[in-house]
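Shown next, in structure tokens, is the structure this report addresses.
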Amino acid sequence: MHLPAKTIGHHHTLTRGKLSAERHLADGTAINNLPLLESTPTDEQPLLDRDSTSISTESKSIFPSPNLPFIEKYGRYRQMVHYGSNSTTRLHETKTNKASDQLVAIKVYRRSILRDPQSPSHSTSLHPNHPNILPILDILHNERAELCLVMPYCAGGDLNTLLSRKGALPTQEADCIITQLLRALAFLHDHGTAHRDIRLETVLLTAQGAVKLAGFGDGHIRRVWEESCKVRGGTLPPRPHPPAPSWSFVLPWPLNSLWRNSESSGTGTQAVVNSPTASFVGMRLPYIPPEEFQLHFESHCEHEDRVGWDSRPADVWATAMVYMALITDRILWRSARPDQEDVRYLEYLHDRSGEDGYPPIEILGQRRRNAIYAMLHPSSWKRITAAKLLRSEWINGVVVCEAGAKGY
């Protein structure tokens, strides 16, 4: 694999002691006045103390025949990783063709999100293939007829867990992480796709420190399943020309608004739409940009769906919130809701247009400061894109670790 010119052979320091933002940023910051990030318990992971390793995210053909029973193919349950309202994520230890112990994370749905009857494992070719996007290795039903999503296990945990353990990151390390995240987003956005759930908890790290964007919603999984038998080749639908409204991984409720008859095709086929009537499923309050609140409010007042809304600028906004959390160990504000603004968000709106600027951003230096202001522009149509950020003076000068460049 050809690597970018600027890489370095180190991985992120996932085991260092607690660090303070003041140690890595200029003096005079006002970040101590920002709300603290909620702490996440750091559960012990005894399996990681053994010789077992997580599965390489570059390999998708390491498992035996798909006709094997579920337990024989993926091994038995070892440990609970996450317990959600609609699913659980479990750690399985399995034997690969090389007869070595491997760990996979399997998301098990309590209720099926599919309309189709059970069938053997489906192709995951529609899932985006990028070094900084968590791959889906398999979609199948287990021996209890539960729908399962098989993914590599990311031993580094998510960014929220990293912050709760280590505190604010050095700017060099935070830059490396955010550059990888922007690479993944630029790839998605270039294909007319929005993620709509960018937050600390959906950005994972491998044991070597490579970023893996996760958090793909039920709508995406259902789309991969239902279209796998119809689409051949390519990891994403071709880039629309002329540009079409973006679709979203995190499709909103109610479920009956997810699918519509395609009037333009005249064939009666169904197409995924990005309905803006969501109650912000998955996307947490501090990461939601102001336009999403306004759109949500207007759609309810007018009693109609606003189909065709482009949510890609929302991903950029949320990414800026993630970056600021990484370097300050704080959240900038709790809500950017236009009609009920957080006082800290009001301060940001006032200060960003003032001569002295917004203190937590001003201390970042000119290159980072200008980019973060552009990412957190209150007007979505004026917000910088992920592709332009990658070409910016700031991101273009970031040294990305080798693990992040290769995605291992």
Side-chain angles (χ1 to χ4, degrees), residues 45-84 86-131 133-157 204 206-208 210 212-218 220-233 235 407-408:
Q45 298 175 328
L47 286 179
L48 298 182
D49 295 332
R50 298 160 55 179
D51 293 332
S52 302
T53 58
S54 60
I55 284 178
S56 168
T57 56
E58 294 183 347
S59 174
K60 293 190 178 184
S61 304
I62 59 176
F63 295 111
S65 167
N67 298 323
L68 289 176
F70 182 86
I71 293 181
E72 188 173 347
K73 187 177 182 182
Y74 292 116
R76 293 186 178 276
Y77 162 81
R78 295 295 185 235
Q79 184 175 323
M80 182 72 69
V81 178
H82 175 73
Y83 190 92
N86 184 41
S87 63
T88 58
T89 303
R90 309 168 184 178
L91 194 63
H92 280 239
E93 190 172 19
T94 184
K95 298 283 187 181
T96 68
N97 292 330
K98 296 180 180 180
S100 59
D101 292 345
Q102 299 286 358
L103 301 176
V104 291
I106 301 182
K107 182 177 182 178
V108 182
Y109 291 88
R110 288 194 200 77
R111 59 174 180 80
S112 180
I113 60 173
L114 307 176
R115 298 178 182 82
D116 297 340
Q118 293 183 31
S119 61
S121 14
H122 275 216
S123 168
T124 59
S125 62
L126 280 177
H127 185 67
N129 181 17
H130 187 274
I133 295 178
L134 186 69
I136 297 175
L137 303 176
D138 205 355
I139 305 177
L140 73 167
H141 289 89
N142 61 16
E143 70 284 351
R144 299 177 59 183
E146 298 168 317
L147 181 65
C148 296
L149 192 67
V150 183
M151 299 163 287
Y153 175 61
C154 291
L204 308 181
T206 66
Q208 290 74 29
K212 295 291 180 178
L213 177 59
F216 303 106
D218 295 351
H220 172 63
I221 305 307
R222 183 168 60 184
R223 179 176 183 269
V224 171
W225 179 281
E226 294 181 352
E227 294 191 15
S228 62
C229 60
K230 299 183 293 183
V231 179
R232 294 293 183 266
T235 57
Y408 61 79

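In this text the structure is predicted, and so the values were computed from the model without any measurement. Every heavy atom of this structure was used, including side-chain atoms; hydrogens, water molecules and symmetry mates were not.
Residues Y109 and E146 have side chains not in contact (no heavy-atom distance under 4.5 Å, counting atoms from C-beta outward). The shortest distance between side-chain heavy atoms of I136 and V150 does not fall below 4.5 Å. V104 is not listed as a side-chain neighbour of P152, based on a closest heavy-atom distance of 4.5 Å or more. Within the 4.5 Å cutoff, no side-chain heavy atoms of Y77 are placed close to those of V108. Side-chain atoms of H92 and L103, non-hydrogen and from C-beta on, never get closer than 4.5 Å to each other.
Proximity of a side-chain donor or acceptor of T206 to a complementary backbone N or O of Y408 within less than 3.5 Å is detected. Checking side-chain atoms of H127 against main-chain N and O of H220 turns up no donor-acceptor pair under 3.5 Å.
Scanning both residues, F70 and L140, for their nearest heavy atoms gives CD1-CD1, 3.8 Å. Across every non-hydrogen atom of S87 and R110, the tightest pair is N-NH1, 3.1 Å.
Distance check, rounded to the nearest 0.5 Å: CD1 of I221 to CD1 of I139 gives 5.0 Å. Distance check: K107 NZ to C148 SG gives 11.5 Å after rounding to the nearest 0.5 Å. Separation of atoms CD1 (I133) and NZ (K212) is listed at 9.0 Å; rounding is to 0.5 Å. Rounding to the nearest 0.5 Å gives a distance of 12.0 Å between OH of Y153 and CD of E93.
D138 and Y74 form a side-chain donor-acceptor contact under 3.5 Å, judged by distance and modelled atom types alone.
For R76, there are no side-chain hydrogen bond (donor to acceptor under 3.5 Å, both in side chains) partners two or more places apart in sequence or in a different chain. In this structure, the side-chain hydrogen bond (donor to acceptor under 3.5 Å, both in side chains) partners of T88, at least two apart in sequence or on a different chain, are R90.
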